[in-house]
Every structure is written in C-alpha cells, then in structure tokens.
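Reading through the structure tokens given below for one structure.
Proteins get letters first, then strands, A, B, ... in listed order; numbering begins at 1 in each.
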Amino acid sequence: MKDFLAIAKKKFNSRLLLGTGKFSSPKVMKKAIEASEAEIVTVALRRVDLNDPGDHILGFINPKKYLILPNTSGARTADEAVRLARLARSFGLPAWVKLEVTPDPRFLLPDPIETLKAAEILVKEGFTVLPYINADPVLAKRLEGVGCATVMPLGSPIGSAQGIKTKENIAIIIEQANIPVVVDAGLGSPAHAAEALEMGADAVLVNTAIAAADDPIAMAEAFKLGVMAGRKAYLAGIIAGSQIARASSPLHL
Amino acid sequence: MNLRDFKKIIYGERELSELMVSARKETLKHFGRTIQLYAPLYISNECVNSCVYCGFNRCSGIKRSTLTIEQIIGEAKHLLSEGFQHLLLLTGEDQVKVPVGYIREAAVELKKMFTSLSIEIYPLTEEGYKTLVDAGVDGLTIYQETYHRPTYQAVHPDGPKRDYGWRFASPARGARAGIRKVGLGFLLGLYDWRFEAVQLAEHLQSLLKNYWQTQFQVSFPRINPAETAYQVKHPVGDDDFLRLVCALRLLFPEIGFALSTRERAAFRDRIFQFGITQMSAGSKTSPGGYALAQKSGKQFEIADARTPREVSRALRRSGYEPVWKDWERELG
C-alpha cells in the first residue's frame, strides 16, 4: 500500500513542506523546491505582491505542480490573521492557510488564544486551516476540535536551528491526534527532520535550514532524504533502546 | 551573549575578523540572504532647532520649503515607479509650519500608495503618535543622537530638542501608541561610540522587556566629516563601525539593522552581510529632491549615489535578494 500524507482529503507523496523566505534569489528558491520534491510550499503574504503576476515568489511557483499555502506571518492578532487569509483567497490563492499569530516579533512564538480564535473563524468560512502552535497538547486537541486540518507544533523557535526541544510534548500531541501533526520551525538539519518522522510526526516544514545553507539546493535534497529515512524507519518499527549490550550475532552456547 | 560580553567586545576583546564570522552567521540564520530596501521622503526642511551637526539647523540659511500634498504625491509616485514599497517620511521640527495634522494628511495619502509607511519626525505625545497610527503609519525612527548628556546639551544649544528626557522616552511612547516598528540609533561621531553603544544596548534591552510586541530596529547614522561644516569630535573609523554592527548583531540576533546612503557604496557592499537587514537607496535628503528636482536645503550629503536599480543589482551580485515588500496593509 502506498504511503500518503493526507491533509483535508488531499493526498501528498512528500512529507516535507517548504517555506519560501530567506532565499538568495527566486531561481535558487525554485531549484531548492524542485530538489526537495516538496508538494506544499508556504508563502508569507506580507512578502508577496498579490497584484503582480510576475511576483518574485509567486511568479516562480507553478500552482499546478505545488499547493501554495499562504501564511499569515506578521499577524499579531486573530483579526489581522483572518484579514490576511481573506485577502489571499480574494486574489485566487487556495483557501488553505498556514495560520501564524505571533505577537512577539523577536522570538516569533505563537499566541495560543488568538490562534484558536482565528482558527474557529477561518474554519467556519471554509478555509483549510493549518495552525502553527507551541507544542501544547491541550491546544492541539482544542484546534482539532474546531476543525483544523493539521496541527503544526514548533520544535524550537523559528529559524533557530536548535532541533526538537519540545520532544516530550510533541510525542503527546502525536499520541492523541486524529489529524496530521507537522513539526514546524527550528529544524536545523536533516537529522532533526528524520527524528521528527521517526517519532511518528506526519510531516515537517523547513525553511531557514535550507535557504540559509551554503548550498540550498543540495540541502533541500538532504532534507528530502532525511524525511524519507525517518518515515521509513518509523514504518519499519524502531527497536527499543536498552541499557545493556545485546550481541548482534547471539552465541548459542 | 549578555551585556557584559558585549562591553568586552566593544572595548576590543576578540579579533574583528572572528566577530565578523559569527555576526554573518547569526544574520544569515535570522534573515537569510535578503536585504529589504526603503526610500526616505523629506516633506519639509523647516526647523526651529539648532543641532550643530545638521543641515536643517535653523541658523544654516538654506532654502526652506514644505511640500504641498500634491507635491508629496508627485514625489511618492516617482519612488513607487522605482519599485519601493517601504517609505520613510521625514521632516525637521517646526510644529507651527509642519503641524501633526499636515503630517497626518500626508500619511493618509502615502499609505494608499505604499505597503509600509514609517516616520522620522519630531517627538510627539502618545496621542500624537496614535493619530498617525490611525492614518496608517506602521514605523517610527527616532535617534537619541547621543546618550552622553553633556554632549547632548552641547550639540543642541537651543530649541525643543534640548529636552533629553522627552526624546529618550519617545520610542516608548511610540510603542505604547501602537506603532509596530520602532527604530533607534545614535549619531556616530558626536561622542565615544563605545559609550554610546553600551547605552543604546541598555535602552534597547529595557524597551524589549517592556514593549515585547514592538519590532525594534537599529540604524547606524555616521556623520561624514568630509561633507559637513561640523567638526567631528569623535570620528568612527570603518573598522570600529563594523565592530559596532557585529557586536550589536551578536547581542540582538533578531533585531533588524538599517544602513543608509550616508555610507559609501563600496563600504555598504563590503559590510552589509555582517548584520545589516535593510538599506535605503537612491536617496535625496531635501524636500522635492526626486521628481520635483527642487533645490531646497539638504539634511546631509549622501555618499552612495547609485540608483535603486544599481543597488539592487549589486545585492544580487553578492548573492542576496533585494526585498521591496515585507509588509501588508492588513497588518496596520
């Protein structure tokens, strides 16, 4: 049986979602997306010019090939996020939204109260909502309850490349979730991505670690492989760790 | 990094080359290979202050002018056609000839044209700032000029600007009024930059604690000794400038840093990777200096005369993406 990632009844082969910020040029971004084999790419609405068909980000992403996932980066309140999402839809972008409500511009940590408020409104308006959250299991269930399509808990602050510092809580979120769990933010290397997938996360979203690498295109491919390795290992069944040695070739004396 | 380590770096600990490597890495991590571009738009050079280093000094005898709203729109159209989406509106200080109501009127028109609108004007009350926020202003730049009080008094011999405390508290009033982005800085050359750097860092740390929802920024305006009659008492050399940028980058990895056309093209190209996140380009520092080609008095001479396109091309050649838009009207 083929292993798909299903979000809101849409099926994807890739479990790697890509962000489009911080690239040195649209060309490099495009090549990195291709190398990653991602099928979902997220775009900050504040970075794009929706009036410009040749926009330096949107103009380089083929909407037939990729699902463009608008994000509300920069929004401080539910109200601002909702307005941004509506704006994107009015310009013909998919009615999908990566909901980011980050009142603190420094660490960009998500506001749970405003995120829940915005999610409720947007789900009612027919959006497919993928909320960016702190790794809070109760909040994840509340968001699932109001009809979100995924939850996207952070591994560590955006762009920090610290890896999964919220491991125990993400494990609880995965354990309890009926919707896909996408680990978003803080993944610094393919090993971090593999770790998330090995834990049972359904997908990861990566931006800085690829865009800011010396060779973003090669790094995009490395992340693709990390994600595939992690997923495959998860499906294969990872053996439990142990304090004592267990011989690889047991001696039958 | 903490303030103690920052002081050590400012006062010479660690090689500059080593700092540059770390600062570049931090900048890359937080901002990627991008530089946001903005343009200044001077709408008046009327001023009642007598800042000894400034071209708008009320005693300077320059040609004064204040643009009409139509003229402002004309200038703005020119900047729009060059690709700018982020605009910085500037004035001198004259509350009679350049009242808040006039600035508000200009802001309303400009916000229709630009995605992001910042102001660099005389200090206002919280109410005053609120008026401008309602008109669409999302950013405020206000430099303390110097954090050294005796120097502050000496270089501001009279006029409302003499009030150090009123100016010092302006960023906080702006933040309380709901301005999203607030920029700080000191004028490099007025006093020992090392002293200023530490004061600025403390000022910023306290603002970050108290106004955690505001996006703070830092600029590095350096007086160009060759182009002002003012005798620069504490010149800041290129290496010291770079040390300042790197040290602040390491102390504040997430804060945006701006670099203006006061700096030479070659210098800007050489150092921006070590901490800078936004740059102005093609700037004129007199009201009506763009499309109107008026010959009013300038605030200061620019040292990088390249057009915005040329700056943008130079960034691309260095492997950086020029970002013209990084805001959305829906955000305020």
Side-chain angles (χ1 to χ4, degrees), chain A residues 19-29 44-52 55-57 60 70-77 79-88 90 101-109 111 157-162 186 188 207-214 216, chain B residues 24-37 80 83-86 113-116 138-139 175 178-182 204-205 207-209 211-217 252-256 273 277 312-313 315-332:
Chain A
T20 53
K22 301 186 184 178
F23 281 97
S24 59
S25 74
K27 268 190 202 144
V28 173
M29 175 195 78
L45 290 164
R46 65 165 221 273
R47 275 290 303 278
V48 299
D49 187 348
L50 293 167
N51 290 305
D52 178 9
D55 179 75
H56 68 127
I57 294 176
F60 286 77
N71 72 59
T72 61
S73 155
R76 287 197 302 189
T77 60
D79 187 46
E80 287 173 0
V82 167
R83 275 188 282 154
L84 278 175
R86 286 178 188 154
L87 178 77
S90 75
V101 187
T102 54
D104 128 47
R106 213 171 155 209
F107 301 103
L108 298 168
L109 294 168
D111 182 326
I158 292 179
S160 69
Q162 294 177 59
N207 186 352
T208 304
I210 292 173
D214 289 338
Chain B
R24 186 168 177 276
K25 225 180 256 169
E26 281 299 326
T27 312
L28 210 50
K29 198 162 88 182
H30 289 276
F31 300 92
R33 290 187 174 84
T34 65
I35 294 284
Q36 190 240 302
L37 295 173
L80 262 187
F84 289 108
Q85 287 280 329
H86 287 242
M113 306 168 75
F114 295 88
T115 317
S116 172
D138 51 76
I179 297 182
R180 301 286 301 259
K181 298 172 273 189
V182 174
L204 185 50
Q205 280 186 334
L207 286 165
L208 286 166
K209 279 202 175 97
Y211 305 98
W212 62 280
Q213 300 201 11
T214 307
Q215 193 174 325
F216 288 96
Q217 298 169 349
F252 301 108
E254 316 88 358
I255 299 288
Q273 301 188 1
T277 59
S312 160
R313 267 202 297 275
L315 288 172
R316 283 221 179 82
R317 270 200 303 276
S318 309
Y320 277 65
E321 165 83 346
V323 172
W324 299 89
K325 175 177 179 286
D326 191 22
W327 199 248
E328 187 51 61
R329 282 187 190 82
E330 309 292 330
L331 296 172

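Among B:Lys25, B:Glu328, B:Gln213, the residue with the largest count of heavy-atom pairs under 4.5 Å with chain A is B:Gln213. Looking only at heavy-atom pairs under 4.5 Å with chain B, the residue among A:Ala44, A:Gly188, A:Pro26 that has the most is A:Pro26.
Looking at residues two or more places apart in sequence or on another chain, you find a side-chain hydrogen bond (donor to acceptor under 3.5 Å, both in side chains) between B:Asp138 and B:Lys111, B:Ser116, B:Lys181. Residues that satisfy the salt bridge (charged side-chain N to carboxylate O under 4.0 Å, His left out) test with A:Arg46, not counting sequence neighbours, are B:Asp326.
Within the 4.5 angstrom heavy-atom criterion, only backbone atoms of A:Ser160 (N, CA, C, O) approach chain B. Interface residue A:Ala75: backbone and side-chain heavy atoms are both found under 4.5 Å from chain B. The parts of A:Ser25 that come within reach of chain B are both its backbone and its side chain, each placing non-hydrogen atoms under 4.5 angstrom from that chain. Neither the backbone nor the side chain of B:Ile35 comes within contact range of chain A; no heavy atoms are under 4.5 Å apart. Heavy-atom distances place the side chain of B:Phe252, and not its backbone, under 4.5 Å from chain A. If you measure heavy-atom distances from A:Leu87 to chain B, the contacts under 4.5 Å come from the side chain alone. Using a 4.5 Å cut-off between heavy atoms, A:Val28 makes no contact with chain B at all. For A:Asp214, the parts lying under 4.5 angstrom from a heavy atom of chain B are both the backbone and the side chain. Proximity to chain A is limited to the backbone of B:Thr214, based on heavy atoms less than 4.5 angstrom apart.
Side chains of B:Arg180 and B:Gln215: no donor on one and acceptor on the other come within 3.5 Å.
Here the CZ atom belonging to B:Phe31 is positioned 7.5 Å from the CD1 atom belonging to B:Ile255, to the nearest 0.5 angstrom. Atom-to-atom distance recorded for A:Ile158:CD1 and A:Asn207:CG is 9.0 Å, nearest 0.5 angstrom.
No side-chain heavy atom of B:Phe114 sits under 4.5 Å from any side-chain heavy atom of B:Trp327.
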